[in-house]
Amino acid sequence: MKLIRFFLLLVIYIGANYYVFSHFYNLLPIRYSVIYILLVVLSIFISFSILPVLIIPKKLTIKSITFLYTLGTSWIIILIYAILIFGILDLVTYYLYPIPLWMNVGLALICLFSIFYCGNINYKKKKRVELNIAINKPLKKNIKIVAISDLHLGYTINSKELNEWIQLINQEKADILLIPGDIIDNNVNPLYYYQLAPYFNKFHAPLGIYACLGNHEYISGIDSSIKFLEKTNVHLLRDSYVDIEGIFYLVGRDDKTNSRRKALKEIIKNIDSSQPIILLDHQPYGLEESQKNGIDIQLSGHTHRGQVWPISWITDKLYEVSHGYKKKGNTNIYVSSGIGIWGGKFRIGTQSEYVVINLSSI
């Protein structure tokens with residue numbers, strides 16, 4: 001069944017690429033000329049540039065993988081919009097007004113450039129989301145929390161961006177920094193290449209930096225991911241909890257990728273439930289479980305809210321909360337769209353963000 005699905009997706013992907021690039025092929029008056037052949041080769045290279053990264057990464061340099069990975073993942077997103085734009089223009093040509101092919105292609109290129117130029121700018125502008133949360137449990141003192149999810153450090157996001165985020169977050173002068181998963185993108189090699197571990201020491205958080213695992217830590221190889229995180233000052237909570245100086249309990253669940261992860265009630269069975277409890281759980285499934293177990297705040301990520309429209313419509317249907325705040329009973333839930341991104345650096349109809357929580361008691 002998986003093999004059938006793979007081939008079905010491959011056929012759809014090849015068909016989509018042919019549909020888009022055929023508009024460019026048909027512009028050329030002479031078929032099989034040198035220019036035509038070069039265009040065909042270029043279109044195949046762009047369409048399948050991600051394959052060497054997946055198949056033979058050990059034979060490639062970090063720089064070449066970065067180029068191919070950026071191109072390949074960006075093209076997947078661009079392809080969605082290229083199909084939409086060419087589809088609309090072709091329908092207009094067929095049913096309403098015959099648009100010359102050169103104008104059709106020209107309009108599509110202008111639209112694509114405008115959309116993705118603005119999408120890249122939107123990604124670079126990190127949105128500050130502030131939440132004032134008052135819980136109905138005693139709190140020794142008010143706490144300022146900064147939460148960032150889905151950093152996706154790796155081939156496309158490395159030291160330059162991480163350093164910019166550090167400066168941005170340190171301006172908040174938070175008490176504690178929480179990371180609900182996906183610190184790593186899909187391979188730990190670029191993290192060592194760019195020497196990212198020491199950068200975490202630059203975060204200012206007197207009560208520490210704490211994180212749970214995300215699905216991409218498993219994609220990167222769970223043992224390799226944990227080994228890298230051990231070289232940072234990030235405290236990893238894996239189906240465990242810690243008492244943060246008697247102020248609140250912080251619980252970190254293993255990612256849902258691990259089918260043998262513990263149930264939440266088992267993890268917190270020895271916790272004094274009259275004390276505040278904050279939960280880090282990467283994937284925002286089964287939110288009612290937090291409500292039933294007396295969790296005061298749950299922080300999640302994972303969804304990116306689809307990164308771009310119309311994928312955001314899909315994530316909105318898949319998750320009870322695909323992005324934003326919701327309160328279930330006494331449980332405050334926030335699902336972040338992430339500070340980083342997977343693949344191409346475009347945010348269209350979504351935002352890259354960091355979350356500032358001012359925690360107090362009623």
Side-chain angles (χ1 to χ4, degrees), residues 13 17 41-79 116-117 119-121 123-124 126 148-169 179 181-203 209 211 213-234 236 255 257 282 301-302 304 307-308 338-347 352 354:
Y13 182 71
N17 278 279
V41 172
L42 180 63
S43 64
I44 292 172
F45 174 73
I46 292 173
S47 302
F48 296 98
S49 55
I50 193 69
L51 284 183
V53 178
L54 302 175
I55 297 171
I56 53 169
K58 291 182 180 179
K59 295 184 178 181
L60 302 172
T61 65
I62 294 292
K63 295 292 186 181
S64 60
I65 292 177
T66 297
F67 171 74
L68 293 170
Y69 184 72
T70 303
L71 177 62
T73 54
S74 297
W75 176 247
I76 291 170
I77 300 170
I78 293 169
L79 182 62
F116 286 98
Y117 178 76
N120 179 253
I121 291 174
Y123 162 73
K124 291 177 179 177
K126 305 306 175 186
I148 52 173
S149 77
D150 301 275
L151 285 69
H152 288 275
L153 301 174
Y155 294 116
T156 59
I157 300 177
N158 44 64
S159 54
K160 183 177 182 296
E161 279 194 68
L162 179 56
N163 200 51
E164 290 173 356
W165 300 348
I166 290 167
Q167 293 179 38
L168 194 65
I169 289 163
I179 310 175
D182 279 4
I183 292 175
I184 303 166
D185 188 26
N186 65 353
N187 196 303
V188 297
N189 290 339
L191 279 68
Y192 287 110
Y193 179 83
Y194 291 109
Q195 300 179 343
L196 298 188
Y199 278 80
F200 287 88
N201 293 326
K202 296 181 180 181
F203 283 111
I209 306 171
L213 291 170
N215 61 307
H216 275 259
E217 273 75 46
Y218 279 90
I219 291 171
S220 306
I222 188 61
D223 292 335
S224 300
S225 296
I226 291 173
K227 187 176 179 180
F228 170 79
L229 292 172
E230 286 174 345
K231 297 180 184 298
T232 72
N233 62 344
V234 176
L236 182 64
D255 186 66
T257 304
H282 180 62
H302 181 64
H304 298 214
Q307 290 190 187
V308 298
I339 193 168
I341 210 162
W342 174 85
K345 296 179 180 180
F346 310 112
R347 284 281 190 179
S352 288
Y354 62 101

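Positions are given from 1 along the sequence. Side chains included, hydrogens not; waters and symmetry mates left out as well; all remaining heavy atoms used. Please read all numbers here as calculations on a predicted model, not as lab measurements.
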Point to revise | Test item: K202 side-chain N/O and I166 main-chain N/O as donor-acceptor pair under 3.5 Å | key: no
Practice item. Please report the C-alpha distance between D185 and S220 in whole Å, then the side-chain angles of each, then the deciding distance to 0.1 Å, and finally whether the side-chain contact (heavy atoms from CB on, under 4.5 Å) criterion is met. Key: CA-CA 7 Å; D185 188 26; S220 306; 5.9 Å; no
Check your understanding: In a check of side-chain hydrogen bond (donor to acceptor under 3.5 Å, both in side chains) between H302 and each of N215, D182, D150, which one passes?
Key -> N215
Practice item. Show your reasoning for whether side-chain contact (heavy atoms from CB on, under 4.5 Å) applies to E161 and H152. Key: CA-CA 11 Å; E161 279 194 68; H152 288 275; over 6 Å; no
Practice item. Before giving the answer on side-chain contact (heavy atoms from CB on, under 4.5 Å), spell out for T61 and Y193 the whole-Å C-alpha distance, their side-chain angles and the decisive distance to 0.1 Å. Key: CA-CA 11 Å; T61 65; Y193 179 83; over 6 Å; no
Check your understanding: Do K345 and I157 have side chains that get closer than 4.5 Å, going by heavy atoms?
Key -> yes
Point to revise | Centroid-centroid under 6.0 Å between F346 and Y123 rings | key: no
Review point. Taking atom types as modelled and ignoring hydrogens, do the side chains of Y199 and N158 form a donor-acceptor contact shorter than 3.5 angstrom?
Key: no
Practice item. Count the heavy atoms of every other residue, nucleotide or ligand shown that sit under 6.0 Å from OH of Y192, and state whether that count exceeds 12. Key: yes
Review point. Between the main-chain N or O of I184 and the side-chain N or O of E217, is there a donor-acceptor pair closer than 3.5 Å?
Key: yes
Check your understanding: Is a donor on one side and an acceptor on the other found under 3.5 Å between the side chain of Y13 and the backbone of S47?
Key -> yes
Check your understanding: With no hydrogens and no angle check, is any side-chain donor or acceptor of S49 less than 3.5 Å from a backbone partner on I46?
Key -> yes
Exercise for review: Answer yes or no: is there a side-chain heavy-atom contact under 4.5 Å between I148 and W165?
Suggested key: no
